[in-house]
Amino acid sequence: MSVLVKSVLFLSMFTLAWASRTDVYITNSLEGKEDLHIHCKSKDDDLGPHVLHINETFKFSFRANIFYGTLFFCSFQWGNGPLLYFDVYDQKRDQNKCDQCKCDECKWSIKKDGPCRFEPQRDCSLVRKCYEWNH
Ligand SMILES: *[C@@H]1O[C@H](CO)[C@@H](O)[C@H](O)[C@H]1NC(C)=O
């Protein structure tokens with residue numbers, strides 16, 4: 001094998017080994033129990049439209065690409081309301097939050113004011129944090 005082929009093989013294995021799987025959960029927690037219409041995408045993937053009844057969860061999984069910032073964003077809509085947007089996975093924001101902690105970093109509860117989740121602190125305790133919709 002040429003040095004180039006060996007290098008490419010090595011890099012591929014390295015990438016696969018280091019890009020661990022991430023699971024993202026999106027749960028309808030709307031206060032008025034409306035159906036939640038969601039549609040999530042990344043640069044490369046379109047996960048299609050989904051309707052979540054109250055307390056139902058949509059889950060998807062991916063391997064973050066170590067060579068660029070993986071970003072999954074979704075639209076959210078209920079009732080006669082507008083389309084709202086949020087980045088449910090932003091590699092810059094979310095990577096390495098859970099290195100030493102087992103945590104629920106990617107389990108979103110969708111409320112009318114925005115998505116909430118539990119985030120690990122330095123001591124690995126979980127604190128609930130809510131975000132605003134994208135502007
Ligand atoms: C949704 O889940 C919450 C929290 O577990 C529960 O209190 C509520 O009764 C559930 N609502 C419905 C409509 O199932």
Side-chain angles (χ1 to χ4, degrees):
M1 268 193 289
S2 74
V3 172
L4 177 65
V5 170
K6 274 187 191 159
S7 308
V8 168
L9 271 178
F10 175 77
L11 269 177
S12 313
M13 284 161 60
F14 180 83
T15 307
L16 279 177
W18 282 87
S20 64
R21 201 184 76 165
T22 302
D23 299 321
V24 175
Y25 300 78
I26 298 169
T27 299
N28 176 358
S29 302
L30 293 174
E31 293 85 343
K33 301 183 172 43
E34 294 92 341
D35 283 351
L36 177 63
H37 298 253
I38 66 172
H39 193 159
C40 299
K41 295 178 185 175
S42 73
K43 204 177 66 162
D44 307 315
D45 297 292
D46 183 334
L47 305 180
H50 295 271
V51 181
L52 301 177
H53 303 301
I54 183 70
N55 287 353
E56 281 184 352
T57 298
F58 174 69
K59 178 194 171 189
F60 66 91
S61 305
F62 62 92
R63 285 179 190 279
N65 187 322
I66 60 170
F67 295 120
Y68 67 83
T70 298
L71 183 75
F72 276 91
F73 58 95
C74 308
S75 66
F76 298 87
Q77 195 273 332
W78 62 88
N80 297 318
L83 274 183
L84 298 164
Y85 289 88
F86 186 71
D87 300 332
V88 293
Y89 185 85
D90 175 348
Q91 194 168 358
K92 283 199 289 291
R93 179 191 67 200
D94 297 325
Q95 195 175 41
N96 299 328
K97 266 208 158 62
C98 295
D99 272 359
Q100 301 100 38
C101 311
K102 191 165 163 47
C103 73
D104 291 343
E105 68 180 319
C106 292
K107 291 188 178 172
W108 294 107
S109 254
I110 308 303
K111 306 276 196 180
K112 291 191 174 176
D113 286 343
C116 300
R117 67 179 176 183
F118 289 93
E119 296 191 353
Q121 307 301 294
R122 227 178 265 269
D123 65 354
C124 291
S125 63
L126 294 179
V127 170
R128 188 160 181 274
K129 181 158 181 208
C130 294
Y131 290 78
E132 295 187 347
W133 301 111
N134 288 0
H135 294 295

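Remember, it's 1-based here, ligands and their atoms both numbered in the order they're listed. Note that these values count all heavy atoms, side chains included, but never hydrogens, waters or copies made by symmetry.
Taking Leu47 as the reference, Cys40, Asp45, Phe58, Phe60, Phe72 meet the side chain to side chain contact (heavy atoms under 4.5 Å, CB included) condition, with sequence neighbours excluded. Partners of Asp46 according to the side chain to side chain contact (heavy atoms under 4.5 Å, CB included) rule, which considers only residues two or more places apart in sequence or in another chain, are His39, Lys41. Under the ring pair (Phe, Tyr, Trp, His ring centres under 6.0 Å) criterion, His53 pairs with no residue, sequence neighbours left out.
Remark: Asp94 engages Arg117 in a salt bridge, criterion side-chain N to carboxylate O under 4.0 Å.
Lys112 has its side chain within reach of Leu30: a pair of non-hydrogen atoms, C-beta onward, lies under 4.5 Å apart.
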Fill in: Intermediate values then yes/no, side-chain contact (heavy atoms from CB on, under 4.5 Å), Leu52 and Thr27
CA-CA 8 Å; Leu52 301 177; Thr27 299; over 6 Å; no
Inventory of protein N or O atoms under 3.5 Å from ligand 1 N or O:
{"residue": "ligand 1", "atom": "2 (O)", "partner": "Asn55", "partner atom": "OD1", "Å": "3.2"}
{"residue": "ligand 1", "atom": "2 (O)", "partner": "Asn55", "partner atom": "ND2", "Å": "2.3"}
{"residue": "ligand 1", "atom": "11 (N)", "partner": "Asn55", "partner atom": "ND2", "Å": "3.0"}
{"residue": "ligand 1", "atom": "14 (O)", "partner": "Asn55", "partner atom": "ND2", "Å": "3.3"}

